[in-house]
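Presented below is the structure to which this report refers.
Throughout, residue positions are numbered sequentially from 1 according to the sequence presented. As the structure lists them, so they are numbered: ligands from 1, and atoms in each ligand from 1.
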Amino acid sequence: MLEKINNICCIGAGYVGGPTMAVIADKCPEIQVNVVDINQARINNWNDSDFSNLPIYEPGLAEIVKNCRGRNLHFSTVIEENIALADMIFISVNTPVKKKGIGAGQASDLKWIEASARQISKYAVGKTIVVEKSTLPVKTAQTIKNILEAHVLNTSNDKKFSILSNPEFLAEGTAINDLENPDRVLIGGEDQDAINLLIDVYLNWVDKEKILTTDLWSSELSKLTANAFLAQRISSINSISALCESTGADVNDVALAIGMDKRIGLEFLRPGPGFGGSCFKKDILNLVYICNHYGLYQAAKYWQTVINLNDWQQKRISKIIVEKLFGTISGKKIAVLGFAFKANTNDTRESPAINICRDLLEEGSNLHIYDPRVSQDQIKMDLGHSQIIDSQNLLFEGKWEFSKSVELAANGADAILVLTDWEEFKTLDWEKLSKIMRSPSWLFDTRSISNAIEAKSFGINIWRLGDGALN
Ligand SMILES: NC(=O)C1=CN([C@@H]2O[C@H](COP(=O)(O)OP(=O)(O)OC[C@H]3O[C@@H](n4cnc5c(N)ncnc54)[C@H](O)[C@@H]3O)[C@@H](O)[C@H]2O)C=CC1
Ligand SMILES: O=C(O)[C@H]1O[C@H](OP(=O)(O)OP(=O)(O)OC[C@H]2O[C@@H](n3ccc(=O)[nH]c3=O)[C@H](O)[C@@H]2O)[C@H](O)[C@@H](O)[C@@H]1O
């Protein structure tokens, strides 16, 4: 049995694999960490001499990569050799929702997981600990075990595998802080020696009492459940935001009042345009699929409502904008502030901005989109080209363009729409903006972060999500 881990290979150099391995390398200088990926462009960016070109933007990440890369942190597309060298292999590949076939639209697509397991089975040498870092449907470890052992059975060699579940709980935009100061590290498995070796890695910087161990299934299911509970809070407060608008209440006051009850807590009660990000919707859909698979239809329906409410929140915002702008926004200019799914990230996966902008484009509006971190190319990938072609091949007059600043986006605009809670949107110069916007001008603040009272004092009409008093 191994005494300690000397060499880690991580399969997947994405939003999880990259930052997670960077922190492990930073905290464990005596461990060689090789991060491998099939995406050459992504690896090239991880190896770029200009650290501002790292493929993942996370506060604090570039400094860590600068310290460790080349010392005990390496990024490569050379997969076989790095698997062979590793005592411990983290699988951090993507597990998106299946787009077709059985379970399409709900189940996880595990083809990248399976490909990784086959690569490990084929190229691993000796005793190897395989760690599930990706979020996986409960019982996936069995599938991985079958794949790993099938290969071993067919060839006489000394390969031996242990599988652990070690789901990642980092949030984008705070990944480094979440990795360095985790609320908990969760490890699931049956092989106590393997569990102890992974615990020893984390003990380099995590207090022992924050390291939880359990069985494989509880660990896998805990990750899906954690995301479901977090998303549920957002849909709950967002449902109340609509009621506040109708009753003259203020959702932020309500959120504070209930959050001060320590049994509810203040976190994750910020109302907004709905949860985005690559995982909440995906993981809840997966939970719904698994509940249905076991015939637990009521439980499936329960969790599905979290997603339904999220979709409804985005739709109702689009509808309110059209209604407030006199029932039509055709040809009207709307300055969209923020496209990322949250502040401090360049990630637009499942961003509410995508659906809301699509709705506004279908109504014929002329969107000028500004985001401090998201590139024009990314927005083009999400929204398609700047002219929307509908199913009858007619050209909607709806179009969008990228703006390099708030002022450029707001110039001549009928409305400003705040979709992402970027810090800079909290201190906009409303006197200046009121002069360059077209009257009557509107501010739609879906994040309740802008100084709406000041904007109102300069004659701008206000709609603030969940603020029944102001709207
Ligand atoms: N993004 C996030 O904030 C979090 C994501 N997760 C989970 O972590 C997993 C990964 O998510 P992300 O890092 O966001 O995905 P990602 O898409 O950013 O990165 C996955 C990477 O794996 C690579 N890959 C796929 N198959 C491969 C193979 N056979 N060999 C080598 N490389 C391969 C892809 O090229 C890609 O670069 C998912 O299961 C996700 O649910 C968990 C916590 C947080
Ligand atoms: O599995 C994952 O991918 C991760 O998903 C989320 O992290 P992330 O999606 O990166 O970001 P969050 O901060 O959770 O925000 C998700 C969405 O909810 C929204 N949100 C968040 C909090 C809130 O109070 N209100 C609210 O609308 C955000 O704007 C964003 O659109 C979880 O917070 C992580 O613990 C988890 O590891």
Side-chain angles (χ1 to χ4, degrees), residues 9-21 35-43 45-46 55-56 58 75-80 82-83 89-97 108-120 132-137 140 166-175 178-179 182-183 223-224 226-231 233-238 241 255 259 265-284 286 310 313-314 338 340-345 347-353 419-421 446-448 465:
C9 175
C10 177
I11 302 180
Y15 284 88
V16 165
T20 308
M21 293 302 127
V35 188
V36 297
D37 202 303
I38 48 179
N39 184 327
Q40 184 66 60
R42 200 162 225 190
I43 292 298
N45 283 339
W46 280 113
I56 310 291
E58 281 290 345
F75 297 91
S76 162
T77 53
V78 178
I79 296 177
E80 292 80 357
N82 283 304
I83 286 177
I89 300 174
F90 286 78
I91 302 179
S92 304
V93 300
N94 42 311
T95 55
V97 178
S108 285
D109 190 341
L110 297 178
K111 68 176 171 225
W112 292 276
I113 291 286
E114 182 168 339
S116 304
R118 289 181 187 283
Q119 286 169 308
I120 294 167
E132 293 174 343
K133 182 53 86 174
S134 296
T135 300
L136 297 174
T140 306
N166 175 220
E168 184 47 59
F169 296 100
L170 71 82
E172 293 186 17
T174 55
D178 295 340
L179 288 162
D183 288 343
K223 172 60 190 175
L224 295 179
N227 275 358
F229 270 61
L230 288 166
R233 285 172 71 94
I234 296 168
S235 284
S236 299
I237 199 66
N238 281 344
S241 72
L266 288 163
E267 295 295 319
F268 263 68
L269 285 179
R270 295 191 315 275
F275 53 80
S278 60
C279 297
F280 275 175
K281 185 168 183 178
K282 157 176 88 74
D283 292 350
I284 296 171
N286 205 346
N310 200 53
Q313 183 79 340
Q314 293 170 29
F341 81 94
K342 62 182 280 195
N344 296 322
T345 181
D347 195 351
T348 64
R349 291 180 289 182
E350 294 295 326
S351 173
L419 287 178
T420 308
D421 45 343
T446 69
R447 297 283 188 165
S448 314
L465 187 133

Rounded to the nearest 0.5 Å, what separates atom [atom1] in [X] from atom [atom2] in [Y]?
| X | Y | atom1 | atom2 | result |
| --- | --- | --- | --- | --- |
| Glu350 | Phe280 | CD | CZ | 12.5 Å |
| Thr95 | Asp109 | OG1 | CG | 9.0 Å |
| Leu266 | Leu269 | CG | CG | 7.5 Å |
| Asn94 | Trp112 | CG | CH2 | 5.5 Å |
| Arg270 | Ser241 | CZ | OG | 14.0 Å |

Starting from [atom], find the nearest protein heavy-atom neighbour and note its residue, name and distance.
| atom | value |
| --- | --- |
| atom 19 (C) of ligand 2 | Ile234 CD1, 3.8 Å |
| atom 39 (O) of ligand 1 | Thr95 OG1, 2.7 Å |
| atom 14 (O) of ligand 2 | Phe268 CZ, 3.2 Å |
| atom 25 (N) of ligand 2 | Arg270 O, 2.8 Å |
| atom 17 (O) of ligand 1 | Asn94 CB, 3.6 Å |
| atom 21 (C) of ligand 1 | Asp37 OD2, 3.5 Å |

If I apply the N/O under 3.5 Å rule, does [X] come out as touching ligand 2?
| X | value |
| --- | --- |
| Leu230 | no |
| Pro352 | no |
| Phe280 | no |
| Phe341 | yes |

If we number the atoms of ligand 1 from 1 as shown, the ones under 4.0 Å from a heavy atom of Ser92 are 10 (C), 20 (C)

Run through Thr20, Ile11, Val93, Ile89 and flag the one making a side chain to side chain contact (heavy atoms under 4.5 Å, CB included) with Lys133.
Thr20

Has ligand 1 got any nitrogen or oxygen that is less than 3.5 angstrom from a nitrogen or oxygen of [X]?
| X | value |
| --- | --- |
| Lys133 | no |
| Lys223 | no |
| Glu172 | yes |

Element-labelled atoms of ligand 2 that are located less than 4.0 Å from some non-hydrogen atom of [X]:
| X | result |
| --- | --- |
| Arg447 | 29 (O) |
| Phe275 | 17 (C), 18 (O), 31 (O) |
| Glu168 | 37 (O) |
| Cys279 | 1 (O), 2 (C), 3 (O) |
| Asn227 | 1 (O), 2 (C), 5 (O), 32 (C), 36 (C) |
| Phe169 | 34 (C), 35 (O), 36 (C), 37 (O) |

Parallel, tilted or perpendicular: ring planes of Trp46 versus Phe75, cut at 30 and 60 degrees
parallel

What part of Leu170, side chain, backbone, both or neither, has a heavy atom within less than 4.0 angstrom of ligand 2?
backbone

Verify the neighbour count for atom CD of Gln40: are there more than 12 heavy atoms of other residues, nucleotides or ligands below 6.0 Å?
yes

Using 4.0 Å as the upper bound for N to carboxylate O, is an ion pair formed by Arg349 and Glu172?
yes

Mode of Ser134 contact toward ligand 1 - side chain, backbone, both, neither (heavy atoms, under 4.0 Å)
both

Select one of side chain, backbone, both or neither to describe which atoms of Ala175 lie under 4.0 Å from any atom of ligand 1, heavy atoms only.
neither

Between [options], flag the one that comes closest to [atom] by a heavy atom.
| atom | options | answer |
| --- | --- | --- |
| atom 14 (O) of ligand 1 | Glu168, Lys282, Arg118, Arg349 | Arg349 |
| atom 8 (O) of ligand 1 | Ile11, Val16, Asp347, Val35 | Val16 |
| atom 15 (O) of ligand 2 | Glu172, Lys342, Glu267, Lys223 | Lys342 |

Work out whether the distance between some heavy atom of Glu350 and some atom of ligand 2 is less than 4.0 Å.
no

